[in-house]
Amino acid sequence: MGLRVYNSLTKRKEEFVPIKEGRVNMYVCGVTVYDVCHIGHARANIVFDVIYRYLQSAGYEVKYVRNFTDIDDKIINRANEAGKPCREITTRYIKEFNDDMSRLNLKKPTIEPRATQHIPDMINTIKTLVEKGHAYVIEGNVFFSVESFSEYGKLSSRSMDELLAGARVAVDERKRNPLDFALWKASKPSEPKWESPWGEGRPGWHIECSTMSAKYLGNTFDIHGGGKDLIFPHHENEIAQSECSTGQKFVNYWLHNGFVNINSEKMSKSLKNFFTIKDVLKEYHPEVVRMFLISNHYRSPIDFTDNNLRETKGNLDRCYTMLKLLKEKLSAKEGADAAQSFDAAKALKGRAASFMDSIKEAMNDDFNTAVSISILFELVRLTNRYISAPEFSVCAGSKQILGAVKERLNSFADIFGILTYDPDAYLSEEKSEALSKLGISESDILKLIQERADARRDKDFARADAVRDKLINHGIILEDTAQGTKWKAKT
RNA sequence: GGCGGUGUAGCCAAGUUGGCUAAGGCAGAGGUCUGCAAAACCUCGAUCCAUCGGUUCGAAUCCGUUCACCGCCUCCA
């Protein structure tokens, strides 16, 4: 079965059929660059990053466009507050955004256009809308006339009457209809401005996406994404602008991700209950954040709590612990070849063989990352079971099985962007992070481990256990293994 | 007020275009291993999917009722 996606426009899952076979054109609304990004931005961008990666792995050639809104009221306000030019603000926050996204291991989109670099294109779109009678000019402002577009409201499934009834915003008296929105705004003296047929001004918010998506992806393209909060008015207005200016259908599939909640409430700037990506990354490894954000279905809300993040960290650690074991076995010296026909071997071999098909099945069902992760856990468990089975030994046959597992995990990592580190690097990084928090040095730990080893050698278990308890009180847990005693931090 | 979404084991959560044993994780219990632990592995949990009623041979999944929570209608991923 092929890919099926939930389309916000039709409100149902549909078979995904690209306009051009084997190619996908996708546009995702990016950020307005006036502040650092919060974890909600992380979710939206990670969700579409995984979709981008998955489509590529499914064999599509994907053109992925994600914009930067670098001219906007909020930017102007921020610039005025700081007494700096807008350009300085946007340059800084574009850099901050790129830093955050690269730490979270997001792939670069194919094109990242900026609004201010497409002003002439936007002016052309607006001109067309005015010529076709979908927009009107008042005192240097250009407004889109929603009444000129009979399908206005189709994405948010509301009629204009309903929208008007709920309107809570102060109405600009100059508009013909309160729902009309600005395509071009006459600029005030200190604001950034560009020449236009209507005088000096700047573009409205929505026009950039209509213009830039058409420029890079064509009048009609396959996927348009963004957060649920953009459905109205942003995406509704994009549809109106684009379909009126081109006379063609704008987008075939609309995808919207759910919110990140804090204590079950939407996280937002106005509620001041947000966490920035940088703050979160101080506490958690980037892959923990990624794994957490893809552990739910992308359309569902996800509750951002310390408890949930810690649980995810425990799961990721378990995966890396298995990867480390896998790495050790694969590089260990081979013994005499042994039959791989015991239960644990057969089960793992079967799972490894069907692994990618199962992932594909899950992802083909509207990008079900939650199920994908459950499939990963199953592979991890079966691998651990295999390696710890009494019949297991390192030999040509077992290396072949483990090599197959490793290969599957690499494919998994390519799609989901987690489990991409060398396990030793990941685990030692976790250890040193923990040490700095626990306030105990590694040499102290090793000294105590030696002390305990001496006591154990003397069969003085009371003293050995006392040493271990002391370490537990410091948040250090010991593991006695065939290769000696190892330590790790309590999660 | 209008529109939309959600309600599944102690907790997180998938499944919701009706039909194999209701995924997976955390916590918990027992076991294997261990001097004892830890890790890993094994076993155990919802006769039931907010509520009431209906459709059907068959529903967590469809229809209607009630209750609760959330989002959008304002900048917002």
Side-chain angles (χ1 to χ4, degrees), chain A residues 4 8 11-14 28-32 34-35 37-48 72-74 77 153 156-159 161-170 179 205 225-234 236 256-261 264-271 274 292 295-297 299-303 305 307-308 310-312 314-315 317-318 321-322 325 344 358 362 365 368-378 380-390 456 459-462 464-465 468-469 472 477-481 485-488 490:
Chain A
R4 296 176 66 81
S8 304
K11 298 181 178 49
R12 64 180 63 150
K13 277 188 207 171
E14 296 174 353
V28 174
C29 287
V31 290
T32 300
Y34 74 106
D35 204 350
C37 289
H38 59 228
I39 199 71
H41 296 110
R43 183 181 196 189
N45 283 287
I46 286 170
V47 160
F48 288 103
D72 174 87
D73 289 351
K74 292 191 291 296
N77 290 342
S156 47
S157 56
R158 268 172 288 215
S159 68
D161 288 345
E162 286 165 355
L163 286 165
L164 280 171
R168 285 187 265 149
V169 66
L179 294 173
W205 173 33
K228 271 192 159 78
D229 48 356
L230 296 180
I231 292 174
F232 190 89
H234 187 52
E236 196 71 71
H256 292 98
N257 64 277
F259 299 127
V260 175
N261 289 160
S264 307
E265 282 215 320
K266 178 189 169 184
M267 171 166 74
S268 76
K269 293 243 162 167
S270 47
L271 289 172
F274 59 92
F292 172 66
S295 65
N296 270 29
H297 189 90
R299 282 189 283 119
S300 310
I302 188 165
D303 210 23
T305 66
N307 209 32
N308 288 343
R310 267 203 303 272
E311 191 177 302
T312 302
N315 286 147
D317 287 354
R318 187 159 58 90
T321 305
M322 182 280 275
L325 198 60
S358 296
D365 185 11
N368 198 327
T369 52
V371 167
S372 301
I373 286 180
S374 77
I375 294 164
L376 169 71
F377 288 153
E378 195 190 347
V380 171
R381 193 179 69 247
L382 289 175
T383 305
N384 278 325
R385 182 201 287 181
Y386 173 62
I387 291 175
S388 61
R456 291 179 75 206
K459 304 276 184 213
D460 185 354
F461 295 118
D465 290 349
R468 187 171 58 198
D469 287 345
I472 286 172
I477 292 169
L478 297 186
E479 285 177 34
D480 296 326
T481 75
T485 299
K486 294 177 179 175
W487 67 271
K488 66 173 196 173
K490 218 191 304 188

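In the text below, chain A, chain B and the rest are named by the order of the sequence lines, each starting its count at 1. Quick note: numbers below take in every heavy atom, side chains included, and nothing from hydrogens, waters or symmetry partners.
Judged by distance alone with a 3.5 Å cut-off, no donor-acceptor contact links the side chain of A:R43 to the base of B:A77. Counting atom types as modelled, A:N315 pairs no side-chain N or O with a base atom of B:C12 as donor and acceptor under 3.5 Å. Within 3.5 Å, a donor on the side chain of A:R468 pairs with an acceptor on the base of B:C36, or the reverse. Counting distance only, with no hydrogens placed and no angle test, the side-chain atoms of A:R299 and the base atoms of B:G5 include no donor-acceptor pair under 3.5 Å. You'll find a donor-acceptor pair under 3.5 Å spanning the side chain of A:R4 and the base of B:U17, going by distance alone. One donor-acceptor pair, N or O on each side, does fall under 3.5 Å between the base of B:G35 and the side chain of A:D465. Residue-to-nucleotide contacts include no donor-acceptor pair under 3.5 Å from the side chain of A:K228 to the base of B:C72.
With a cut-off of 3.5 Å on both pairing distances, B:A22 has no Watson-Crick or G-U wobble partner at all. Across all strands shown, B:G45 forms no Watson-Crick or G-U wobble pair with both distances under 3.5 Å.
Distance, A:D229 CG to B:A77 P: 6 Å, rounded to whole Å. What separates CD1 of A:I302 from P of B:C70 is a distance of 19 Å, to the nearest Å. A:I39 places its CD1 atom 20 Å from the P atom of B:C76, with the value rounded to the nearest Å. Separating the CZ atom of A:R318 from the P atom of B:A40 is a distance of 7 Å, rounded to the nearest angstrom. Regarding A:E311, its CD atom lies at a distance of 13 Å from the C1' atom of B:G10, rounded to whole Å. Protein atom NE2 of A:H234 is 14 Å distant from nucleotide atom P of B:C73, rounded to whole Å. Summarising the geometry, the separation between CZ on A:R381 and P on B:C41 is reported as 8 Å, rounded to the nearest angstrom.
Residues passing the side chain to side chain donor-acceptor pair (under 3.5 Å) test with A:D465, sequence neighbours excluded: A:R468.
Each of A:D72 and A:N308 was assigned the nucleotide of RNA chain B with the nearest heavy atom; the assignment lying further toward the 5' end belongs to A:N308.
Put simply, A:W205 has a side-chain N or O that comes within less than 4.0 Å of OP1 or OP2 on B:C76. One finds no side-chain N or O of A:T369 lying less than 4.0 angstrom from the OP1 or OP2 phosphate oxygen of B:A14. Under 4.0 angstrom from either OP1 or OP2 of B:C41 there lies at least one side-chain N or O belonging to A:N384. Residue A:K266 has no polar side-chain atom (N or O) positioned under 4.0 Å from OP1 or OP2 of B:A77. Between A:R385 and B:C42, a side-chain N or O to OP1/OP2 separation shorter than 4.0 Å is present.
When the C1' atom is used for both B:G24 and B:G35, the distance is 36 Å, rounded to whole Å. Nucleotides B:G10 and B:A29 have their C1' atoms positioned 14 Å apart, rounded to a whole Å. Taking the P atom of each, B:U32 and B:U6 are spaced 46 Å apart, rounded to whole Å. Taking the P atoms as reference points, B:A38 lies 15 Å from B:C26, given to the whole Å.
A:D303 comes within 4.0 angstrom of no nucleic acid atom, judged by non-hydrogen atoms across all strands. Within the nucleic acid shown, A:M267 comes within 4.0 Å of at least one base atom, counting heavy atoms only.
Considering only heavy atoms from C-beta on, A:D365 stays 4.5 Å or farther from A:H297 through its side chain. You'll find the side chain of A:L325 stays beyond 4.5 Å of the side chain of A:T321, heavy atoms only.
Look at A:D35 and A:K74 and you find no salt bridge, because none of the NZ, NE, NH1 or NH2 atoms lies under 4.0 Å from a carboxylate O. Using a cutoff of 4.0 Å between basic side-chain nitrogens and carboxylate oxygens, A:D480 and A:R456 are scored as salt-bridged.
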